[in-house]
There are 2 protein chains.
Amino acid sequence: MAELAYHRVYSQLTAQIKAGQYPDYRLPDERSLTDQFGVSRSTIKRALGILVSRGIVFQKQGAGTFVNPLYFKSKPLFNYTGDNIGITDSLVQDGQQQSIQVLHFHVQKAKDEIAQSLFLQPNDFVYRIERLRLVDGQPFMIEIGYLPIRLVPDLNEEVIQDSLYTYLEKEQHLQVTKSFLNISTEPSTASDQKLLQLKPNEPVGVMEGIFFTDSGTPIEFSRMRIHYKYMQYNSFVSLS
Amino acid sequence: MAELAYHRVYSQLTAQIKAGQYPDYRLPDERSLTDQFGVSRSTIKRALGILVSRGIVFQKQGAGTFVNPLYFKSKPLFNYTGDNIGITDSLVQDGQQQSIQVLHFHVQKAKDEIAQSLFLQPNDFVYRIERLRLVDGQPFMIEIGYLPIRLVPDLNEEVIQDSLYTYLEKEQHLQVTKSFLNISTEPSTASDQKLLQLKPNEPVGVMEGIFFTDSGTPIEFSRMRIHYKYMQYNSFVSLS
DNA sequence: TTCAACAAATGGTACGAACCAATATGCAAA
DNA sequence: TTTGCATATTGGTTCGTACCATTTGTTGAA
């Protein structure tokens with residue numbers, strides 16, 4: 001499958017920027033890029049639009065297109081370069097050893113909030129998966145996930161020892177590419193303190209998320225309680 | 001100034017969706033919308049692209065364009081509908097009474113992290129503004145902001161009693177439309193507990209942000225400590 | 001009745017043209 | 001030297017065309 005034109009331009013520009021090809025933080029104008037890449041200006045605009053939306057560059061009418069110098073200085077916690085959107089990828093640094101302890105695993109009827117979030121009928125069944133996640137042997141997150149049994153009929157205790165999304169992608173050919181997240185914080189409960197090795201005054205970060213496949217089907221509702229030292233979320237917001 | 005075509009389409013579609021005009025969660029196909037709105041398909045695609053990027057609808061090749069039913073159910077804490085990006089706008093609900101107490105206000109040399117974040121030379125001066133923000137009389141956030149003195153030469157104690165960004169927009173014609181945010185959580189300090197009326201085991205949410213004007217100039221570095229009950233952040237993430 | 005092949009519907013990609021709007025530049029006048 | 005204006009530069013908007021890719025519906029043969 002030939003790579004799409006706008007994606008090729010986007011990739012190459014990103015690579016050029018990372019390689020420091022624009023030390024003056026200024027990109028060539030769009031019409032020159034049209035010549036350089038041999039595509040239309042519309043395609044250039046599309047590629048630049050992605051760079052803008054990710055906060056890598058910004059544009060100013062009449063002036064030009066400029067690299068956001070902070071982007072590559074800040075830690076790349078929010079660099080979604082992979083295919084999937086698993087939370088751990090953004091919380092955990094490269095090279096650290098992740099592991100998973102399954103705390104509970106069973107099937108139940110979806111209760112109200114879960115059913116609503118996952119678009120289920122009141123009597124549909126879901127897996128309830130409670131796991132403790134560790135990095136380099138240190139527990140950092142309690143994760144309770146709910147998945148419709150209909151969408152993933154053959155889950156078992158062995159599968160959920162590893163990354164769920166890797167399994168979904170590899171075995172079920174489901175790509176998880178969208179999510180709603182709600183982030184908040186709470187004092188830790190006794191159970192949190194025990195599992196995450198927290199002192200009584202130390203809090204947890206709480207993330208609730210609904211995750212969707214490519215096609216817009218909600219596939220997981222997840223509630224995560226995160227050791228506060230590991231709770232980090234970066235985001236770039238741009239209006240207009 | 002006449003409204004732009006793609007924006008008109010976006011607004012009207014959003015309004016229609018909110019009004020429940022598509023009970024089957026399905027929008028007309030793009031070519032029909034072209035006729036309905038009297039604009040080209042490119043313009044329709046642009047408007048729909050915004051709806052997609054905000055998670056309001058999703059599209060599927062060969063099938064159609066569908067409303068995301070979860071979008072309007074979730075609490076709109078983070079719905080940037082105004083011109084500016086001030087934090088209070090997104091944390092505080094409509095109709096609640098906001099007020100501000102100025103705790104400290106002075107000018108100092110920018111220290112390392114601040115200087116780097118705001119793109120300053122080591123000897124440049126910044127305002128340091130420490131404020132306590134309340135909603136309906138209840139303190140909910142301690143905010144320490146740093147602004148380059150060069151960009152806003154005439155700040156004074158009176159101005160910072162009110163919203164800084166409103167002032168910047170009205171008086172300085174600076175629009176703040178972009179930000180990098182980093183969100184985390186910590187146990188509350190003694191000072192937090194006193195100012196925010198927290199119990200010792202209750203935590204604070206921590207938001208650090210760099211805010212940019214339209215033109216990409218960093219204008220504020222802000223460190224916010226938020227009462228945990230007010231700490232709520234919603235986000236929609238979509239890959240690809 | 002079932003299923004496979006075909007057709008229609010629908011979003012995706014790409015091109016190119018024309019013109020507008022904001023900013024930067026250079027030159028001439030003060 | 002400084003200021004102000006004309007011009008060039010550069011991104012923004014909109015239109016329209018052509019064709020591709022995926023999904024869904026239809027139809028006819030087995």
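Throughout, protein chains are lettered first and strands after them, A, B, ... in sequence-line order, and every chain is numbered starting at 1.
- When heavy atoms are screened at a 4.0 angstrom cut-off, Lys60(B) is found touching the sugar-phosphate backbone but no base atom.
- Within a 6.0 Å radius of CG in Asp24(A), other residues, nucleotides and ligands contribute more than 12 heavy atoms.
- In terms of position along DNA chain C, the nucleotide closest to Val39(A) lies nearer the 5' end than the nucleotide closest to the other residue of the pair Val39(A) and Ala63(A).
- Base engagement by Ser42(A) is indicated by at least one non-hydrogen atom pair under 4.0 Å involving a base atom.
- Regarding Asp35(A), its CG atom lies at a distance of 12 Å from the P atom of dT10(D), rounded to whole Å.
- For Glu30(B) and dG11(C), the CD to P distance is 5 Å, given to the nearest whole Å.
- Between Tyr6(A) and dT13(C), a side-chain N or O to OP1/OP2 separation shorter than 4.0 Å is present.
- The backbone N or O of Val152(A) lies less than 3.5 Å from a partner atom in the side chain of Tyr127(A), making a donor-acceptor pair.
- When rounded to the nearest whole Å, the span between CD of Gln61(B) and P of dA8(C) equals 19 Å.
- We find that CG of Asp29(A) is positioned 12 Å from P of dG12(D), with the value rounded to whole Å.
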Test side chain to side chain contact (heavy atoms under 4.5 Å, CB included) on Thr65(A) and Asp29(A) and set out the steps. CA-CA 7 Å; Thr65(A) 302; Asp29(A) 71 278; over 6 Å; no

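- Judged purely by atom type and a 3.5 angstrom limit, Asn68(A) has no side-chain atom pairing as donor or acceptor with the backbone of Ile56(A).
- Rounded to whole angstrom, the span from the CD atom of Glu3(B) across to the P atom of dG12(D) amounts to 18 Å.
- In this structure, the CZ atom of Phe58(B) is 19 Å from the P atom of dT22(D), given to the nearest Å.
- Residue contacts for Arg46(B): at a heavy-atom cut-off of 4.0 Å it reaches the sugar-phosphate backbone alone, with no base atom in range.
- When rounded to the nearest whole Å, the span between CG of Leu4(A) and C1' of dG12(C) equals 9 Å.
- Aromatic pair Tyr165(A)/Phe211(A): ring centres closer than 6.0 Å.
- In this entry the distance linking CD1 of Ile50(B) with C1' of dT14(D) reads 14 Å, nearest Å.
- OP1 or OP2 of dG12(C) lies within a sub-4.0 Å distance of a side-chain N or O belonging to Gln59(B).
- Of the candidates dG16(C), dA21(C), dC15(D), the closest approach to any side-chain atom of Ser40(A) belongs to dG16(C).
- Residue order along DNA chain C, read from the 5' end via each residue's closest nucleotide, puts Gly38(A) first among Gly38(A) and Gly62(A).
- Residue-to-nucleotide contacts include no donor-acceptor pair under 3.5 Å from the side chain of Thr65(B) to the base of dG11(C).
- For dG16(D), its base never sits under 3.5 Å from the side chain of Arg41(B) at any donor and acceptor pair.
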